[in-house]
Peer 1: 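I have a structure here, written as C-alpha cells, and I will follow up with some questions on it.
Sequence lines set the chain letters: A, B, ... in the order given, protein chains first and strands last, and positions in each chain run from 1.
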Protein chains: 2
Amino acid sequence: MFKDLDPLLHQQLRLSVISLLVSTKEAEFGFLKDKTNATAGNLSVQLNKLADAGYITIAKSFRDNYPLTTCKITQQGISAFENYVSALQDYLKSK
Amino acid sequence: MFKDLDPLLHQQLRLSVISLLVSTKEAEFGFLKDKTNATAGNLSVQLNKLADAGYITIAKSFRDNYPLTTCKITQQGISAFENYVSALQDYLKSK
DNA sequence: TAAAGTAGTTTATATCATAAACTAAAATAA
DNA sequence: TTATTTTAGTTTATGATATAAACTACTTTA
C-alpha cells in the first residue's frame with residue numbers, strides 16, 4: 001500500500017536542497033542557504049549527510065580569497081529523488 | 001520559495017493514517033494497523049498526536065466484548081492534509 | 001484455572017534536527 | 001600595526017521525535 005519513504009529525503013531541508021539541485025545541477029553553499037532559509041550550521045550538517053549517502057558531491061575551493069563550497073547532485077541523488085517522489089504519490093492521492 | 005511543511009503530517013505513519021482517513025472518513029485501529037504495517041504501540045502514539053492536534057477524533061467502544069478504537073478525520077484534518085499536499089508540490093516539481 | 005489471545009497504552013531508548021558556539025581566515029578601522 | 005568586524009563555513013550540545021519493548025486489562029480456550 002504505502003511504500004517506505006527514503007528517510008534522507010523525507011526531511012524538509014534535505015528535500016529542499018535536492019529539489020534545488022535537481023534543477024540547477026550545481027549550487028553554492030550561500031545560494032542554498034538563501035533559498036532554503038536555513039542556518040549555516042544546519043545546512044552544513046544536512047549537506048554532509050547527503051554527501052555521505054552519495055546523493056551529492058561537495059567541492060571546496062576559494063573565490064575572492066574566501067572559501068567556496070559547491071554542491072552537485074549525483075546520478076544516485078537524482079534517482080533517489082525520483083523514487084521518493086514516486087513513492088510519495090501514493091500518500092498524496094486521497095482516493 | 002519552499003513553504004514550511006506541517007511537521008505533524010510530514011511523518012510517514014501519521015501521513016499514511018491521514019491519507020487513509022481522507023478517503024474512508026472513519027477507520028478502526030486494526031484496519032489502520034494492517035494498512036500501514038505499523039506496530040500497535042507506534043500507531044497508538046501517532047493517533048494520539050493527531051487527535052491532540054484536532055486532525056482526528058478517537059472514539060472508544062466495545063465490539064464482541066473487546067475494546068474497539070475508531071478514528072475519524074475532522075474538517076481541520078482534511079484542511080491540514082490539503083495544505084500539506086499543496087505545500088509539498090513545490091518541493092516535488094524539480095523546476 | 002492456567003495459558004494464550006485480543007486490543008490496545010505507556011515508557012525507555014536511540015536517533016535526529018537544530019541552533020549555539022566555535023574555527024579560521026580576510027577585510028576594515030583605529 | 002593591531003584590534004574589530006565580516007565572511008564562510010564546521011562542530012557539538014540539547015531538545016525533540018520516532019519507535020519498539022514492555023506492560024495493562026480483559027477475554028477466550030484448553
Peer 1: Output the residues of residues 44-56 of chain A in contact with DNA chain C, where contact means a heavy atom of the residue under 4.0 Å from an atom of the strand; sort by number or write none.
Peer 2: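 Those residues whose heavy atoms fall under 4.0 Å from DNA chain C, taken from residues 44-56 of chain A in numerical order, are A:Val45, A:Gln46, A:Lys49.
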Peer 1: Would you indicate whether the side-chain heavy atoms of B:Lys3 and B:Asp90 approach each other to under 4.5 Å?
Peer 2: yes
Peer 1: Given 3.5 Å as the limit, does a donor-acceptor pair link the side chain of A:Asn48 with the main chain of A:Ser44, or not?
Peer 2: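 Here the side-chain-to-backbone pair exists.
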Peer 1: Does the side chain of A:Val17 reach to within under 4.5 Å of the side chain of A:Leu50, using non-hydrogen atoms?
Peer 2: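 Touching, per the 4.5 Å side-chain cut-off.
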Peer 1: Taking the minimum atom-to-atom distance to the side chain of B:Asn42, which one of D:dT19, C:dA19, C:dA7 wins?
Peer 2: D:dT19
Peer 1: In terms of side-chain heavy atoms of A:Lys60, which of C:dA19, D:dA20, D:dG9 is nearest?
Peer 2: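 Looking only at heavy atoms from C-beta outward on A:Lys60, the closest nucleotide is D:dG9.
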Peer 1: Categorize A:Arg63 for me: base, sugar-phosphate, or nothing, with a 4.0 angstrom heavy-atom threshold over every strand shown.
Peer 2: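 A:Arg63: no heavy atom of the nucleic acid under 4.0 Å.
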Peer 1: What is the separation between atom CG on B:Leu15 and atom P on D:dA18, rounded to the nearest whole Å?
Peer 2: 12 Å
Peer 1: When you compare the side chain of A:Ile18 with that of A:Leu9, does any pair of heavy atoms fall below 4.5 Å?
Peer 2: yes
Peer 1: Rounded to whole Å, please give me the gap between CG in A:Leu43 and P in C:dT18.
Peer 2: 11 Å
Peer 1: Nearest-Å distance, NZ (B:Lys33) to C1' (D:dT19)?
Peer 2: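 So the NZ-C1' distance, B:Lys33 to D:dT19, works out to 14 Å.
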Peer 1: From C-beta outward on A:Tyr66, which listed nucleotide comes closest to its side chain: C:dA27, C:dG8, D:dT27?
Peer 2: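 Minimum distance to the A:Tyr66 side chain belongs to C:dA27.
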Peer 1: Hey, are the side chains of A:Thr57 and A:Thr70 touching, using non-hydrogen atoms and a 4.5 Å cut-off?
Peer 2: no
Peer 1: Phosphate oxygens OP1/OP2 of C:dG8: is one of them under 4.0 Å from a side-chain N or O of B:Thr69?
Peer 2: yes
Peer 1: How long is the line joining CG of B:Leu32 and P of C:dT9, in whole Å?
Peer 2: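 Atom CG in B:Leu32 sits about 12 Å away from atom P in C:dT9.
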Peer 1: The side chain of B:Phe29 is closest to which nucleotide in this list: C:dG8, C:dT6, C:dA27?
Peer 2: C:dG8
Peer 1: Rounding to an integer number of Å, can you tell me how far B:Ile58 CD1 sits from C:dT9 P?
Peer 2: 7 Å
